[in-house]
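First the structure, in the form of structure tokens, and then the observations on it.
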Amino acid sequence: MVRVRFAPSPTGLLHIGNARVAVFNWLFAKRLQGTFILRIEDTDVARSEKKYMTQLIEDLHWLGITWQEGPDVGGQYGPYLQSERLHIYNDLCQKFLKEGMAYKCYCTPEELEERRRIARHTGKPPRYDNRCRNFTDTQKEAFETSGLNYTIRFKVPDELVVFDDLIRGTCQFDTSLTGDFVIMRSDGTPSFHFAVTIDDTLMNITHVIRGEDHLSNTPCHILLFHALKQKPPQFAHLSLTMGADRALLSKRHGAFSISEYRKLGYLPEGLLNYMMMLGWSPKDKKEKFKVGDIIDTFEINSMSKASSVFDQQKLDWLSGQYIREADLERLLTLAIPYLQEAGFVSTEESKIDLSKLKLIIDAVRGNISCMSQIVHESEIFFKDVVISENHVEFLSSETSQSILSAFYMELQKLNNLSPEIFKDILKTVQKETKVNGKGLYMPIRIALTGREHGPELYSVANILGINACKTKIERFL
RNA sequence: GGCCCCAUCGUCUAGCCUGGUCUAGGACAACAGAUUUUCGAUCUGUGAACUGGGGUUCAAAUCCCCAUGGGGUCACCA
């Protein structure tokens with residue numbers, strides 16, 4: 001039975017990079033009908049916050065990712081919050097200490113930092129020098145009675161660690177180059193390395209799928225698995241996602257948190273699709289695909305080894321594609337909160353003209369990539385748009401005036417408007433003014449909307465209605 | 001700096017494992033044309049890449065080595 005986990009630390013918002021790791025874990029589990037587990041690594045007391053965990057769960061659910069075991073749903077291998085498992089780490093640590101696999105280190109953070117600084121300065125690797133490892137008994141006793149704070153470090157044995165990575169193939173590390181690392185901090189909380197291996201063992205994790213930033217940590221973990229007398233799981237290290245500057249994707253690259261995208265009104269299936277495109281592609285080479293359709297073809301070893309650059313433009317394109325074919329009722333539901341916030345429609349849903357709204361959404365959906373853009377696109381239907389000076393000038397030109405007045409005359413003959421009627425009267429205006437194409441449409445578009453871009457003019461006029469059209473044109477005659 | 005991973009159009013990628021079918025395919029973006037009597041949307045098309053150097057081979061994007069470049073890691077963060 002395949003068991004995989006996504007193990008974020010609740011120290012910030014879930015962003016594209018992390019979420020992508022969750023997605024591939026989830027996909028892998030689905031493909032092999034395994035179990036997907038959510039484990040929260042909140043051992044960093046200073047930075048972990050409950051609200052981030054809540055948000056993280058919400059964001060994952062929004063994307064459509066579900067797990068069989070986790071802090072919110074329970075499971076037989078719990079608890080799934082590392083902060084609730086401290087006694088486990090502690091017991092094991094005592095065992096390590098007793099068996100001589102670990103030792104107390106009395107170096108202070110300041111000393112360590114200073115030594116690292118010097119090492120870096122002299123071009124040496126900034127690793128721990130294992131100095132507390134071989135204290136004599138009298139030295140140990142002296143420290144013991146001193147009451148000084150200490151951390152507990154793992155005695156890293158010198159060996160050549162070899163493992164097969166599902167994505168990268170055989171990887172080798174010489175651990176004599178690795179310093180003894182901390183497994184228990186002076187405040188009694190476990191370090192990442194320690195907690196991870198213990199939990200992966202106790203939770204029977206069969207495959208560890210994580211970012212490539214953990215590749216160099218893997219030998220440390222394998223050593224710990226050995227110390228725990230456990231067979232290490234299979235590893236798969238995913239390529240990383242970078243920003244446009246080729247630096248690891250992070251907050252400073254902009255709005256990359258999942259909740260941010262949600263707030264902007266991206267459709268979750270679009271975002272999910274995009275994240276899967278980073279490092280993987282389906283056999284049929286389609287860019288747009290539904291998760292359900294590709295699960296059976298997913299092979300983790302076919303994933304790209306090279307890191308990829310996050311491309312907002314492509315996300316926008318893909319997301320736009322989903323909006324174009326989304327169910328109109330669904331878009332309506334999604335759009336209403338944005339329109340309410342903008343003050344375009346009533347906060348009481350019963351007072352909203354839903355059929356008109358649907359017309360509007362259908363008219364503008366081709367021009368947006370996320371639902372929040374509906375506000376800008378539909379503003380022309382709800383507000384008297386301010387016309388810029390350039391446009392005023394443009395509309396007062398001789399040809400513009402002739403078109404506008406001819407158009408107005410035609411409107412006067414009518415009681416109502418439809419896309420067809422609009423096209424008909426434009427035909428008449430064209431004949432009268434001898435202007436066609438862009439020259440004919442642009443003055444009317446600008447007079448009606450105050451913009452050069454927008455939905456098809458006939459649907460704009462149709463939605464506006466005959467009276468609004470008349471008054472808007474009157475202003476420029 | 002040591003160690004590790006990686007390297008195809010500007011970007012995401014196919015091809016690489018199992019050399020020949022690759023004058024390297026697709027998508028985003030860019031540009032051009034068509035269509036819409038309109039901008040946009042849509043459709044069609046164009047330009048755009050095997051990092052460099054050595055090998056192996058009849059033949060290398062594909063296998064090997066070196067160089068270069070990028071990234072990661074070496075924390076009482078995860």
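A note on names: the letters A, B, ... follow the listed sequences, proteins ahead of strands, and every chain is numbered from 1.
When Watson-Crick and G-U wobble pairs are counted only if both distances are under 3.5 Å, rA14(B) pairs with no nucleotide at all. The partner of rU46(B) is rA30(B), by the rule that a Watson-Crick or G-U pair needs both atom distances under 3.5 Å. In this entry rG1(B) has rC74(B) as its Watson-Crick or G-U wobble partner, both defining distances falling under 3.5 Å. Across every strand in view, rC58(B) sits in a pair with rG20(B) that passes the Watson-Crick or G-U test at under 3.5 angstrom. The nucleotide rC9(B) finds no pairing partner, because no Watson-Crick or G-U wobble arrangement with both distances shorter than 3.5 Å includes it. With a cut-off of 3.5 Å on both pairing distances, rU38(B) has no Watson-Crick or G-U wobble partner at all.
Residue E377(A) is out of contact with every strand shown, counting any heavy-atom pair closer than 4.0 Å. Across all strands shown, K288(A) has no heavy atoms under 4.0 Å from either base or sugar-phosphate atoms.
Checked against rA7(B), rU37(B), rC12(B), the side chain of V309(A) finds its nearest nucleotide in rC12(B).
You'll find the ring centres of F235(A) and F163(A) inside the 6.0 Å limit. Taking the six-membered ring where the residue is Trp, the centroids of F6(A) and W67(A) are separated by 6.0 Å or more. In summary, the aromatic rings of F135(A) and F143(A) are positioned with their centroids under 6.0 Å apart. Aromatic ring centres of Y274(A) and F310(A) lie closer together than 6.0 Å. In this structure, H214(A) has its ring center no closer than 6.0 Å to that of H237(A). The aromatic ring centroids of F422(A) and Y458(A) lie 6.0 Å or more from each other.
A close approach under 4.0 Å does not occur between any side-chain nitrogen or oxygen of Q373(A) and OP1 or OP2 of rG40(B).
The nearest whole Å value for the distance from the OH atom in Y322(A) to the P atom in rA41(B) is 20 Å. Atom pair D165(A):CG and rC5(B):P shows a separation of 10 Å (rounding to whole Å applied). If you measure from atom NZ of K286(A) to atom C1' of rC12(B), you get 17 Å, rounded to the nearest angstrom. A straight line from OH of Y441(A) to P of rA41(B) spans 18 Å, rounded to a whole angstrom. As rounded to whole Å, 12 Å separates atom P of rC12(B) from atom CZ of F310(A).
Partners of R47(A) according to the salt bridge (Lys or Arg N to Asp or Glu O under 4.0 Å) rule, which considers only residues two or more places apart in sequence or in another chain, are D44(A). Not a single salt bridge (Lys or Arg N to Asp or Glu O under 4.0 Å) links E159(A) to another residue, sequence neighbours left out. Among residues two or more places apart in sequence or in another chain, the side-chain hydrogen bond (donor to acceptor under 3.5 Å, both in side chains) test is passed with W26(A) by none. Scored by the side chain to side chain contact (heavy atoms under 4.5 Å, CB included) test, V375(A) finds Y338(A), A342(A), F344(A) as partners (sequence neighbours excluded). Checked against salt bridge (Lys or Arg N to Asp or Glu O under 4.0 Å), E114(A) has the following partners two or more places apart in sequence or in another chain: R117(A). Contacts of T108(A) classified as side chain to side chain contact (heavy atoms under 4.5 Å, CB included), with partners at least two apart in sequence or in another chain: E110(A), E111(A). Partners of A7(A) according to the side chain to side chain contact (heavy atoms under 4.5 Å, CB included) rule, which considers only residues two or more places apart in sequence or in another chain, are R5(A), R39(A), E41(A).
Between the base of rC5(B) and the side chain of R168(A) there is no donor-acceptor pair shorter than 3.5 Å.
The stretch residues 387-396 of chain A does not touch RNA chain B, since none of its heavy atoms comes less than 4.0 Å from the strand. Of the residues in residues 358-369 of chain A, those lying under 4.0 Å from RNA chain B by heavy-atom distance are G366(A), N367(A).
One P atom belongs to rG52(B), the other to rU68(B), and the distance between them is 16 Å to the nearest Å.
For the pair C171(A) and H453(A), nearest-nucleotide mapping onto RNA chain B gives the more 5' position to C171(A). With the nearest nucleotide of RNA chain B identified for both G123(A) and P282(A), G123(A) has the one nearer the 5' end.
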* To do: Quick one, give me the B/S/- string for nucleotides 69-78 of chain B, reading 5' to 3', where B means a protein heavy atom under 4.0 Å from the base and S means that only happens at the primed atoms, P, OP1 or OP2.
  => --BBSBSBBB
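Sequence neighbours left out, not one pair with a member in residues 429-440 of chain A passes side-chain hydrogen bond (donor to acceptor under 3.5 Å, both in side chains).
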All N/O contacts under 3.5 Å from nucleotides 27-36 of chain B to the protein, with atom names and distances to one decimal?
| from | atom 1 | to | atom 2 | distance (Å) |
| --- | --- | --- | --- | --- |
| rA27(B) | O4' | E287(A) | OE2 | 2.8 |
| rA27(B) | N3 | K314(A) | NZ | 2.9 |

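For the pair K288(A) and Y322(A), the cation-pi criterion (under 6.0 Å, within 45° of the ring axis) is fulfilled.
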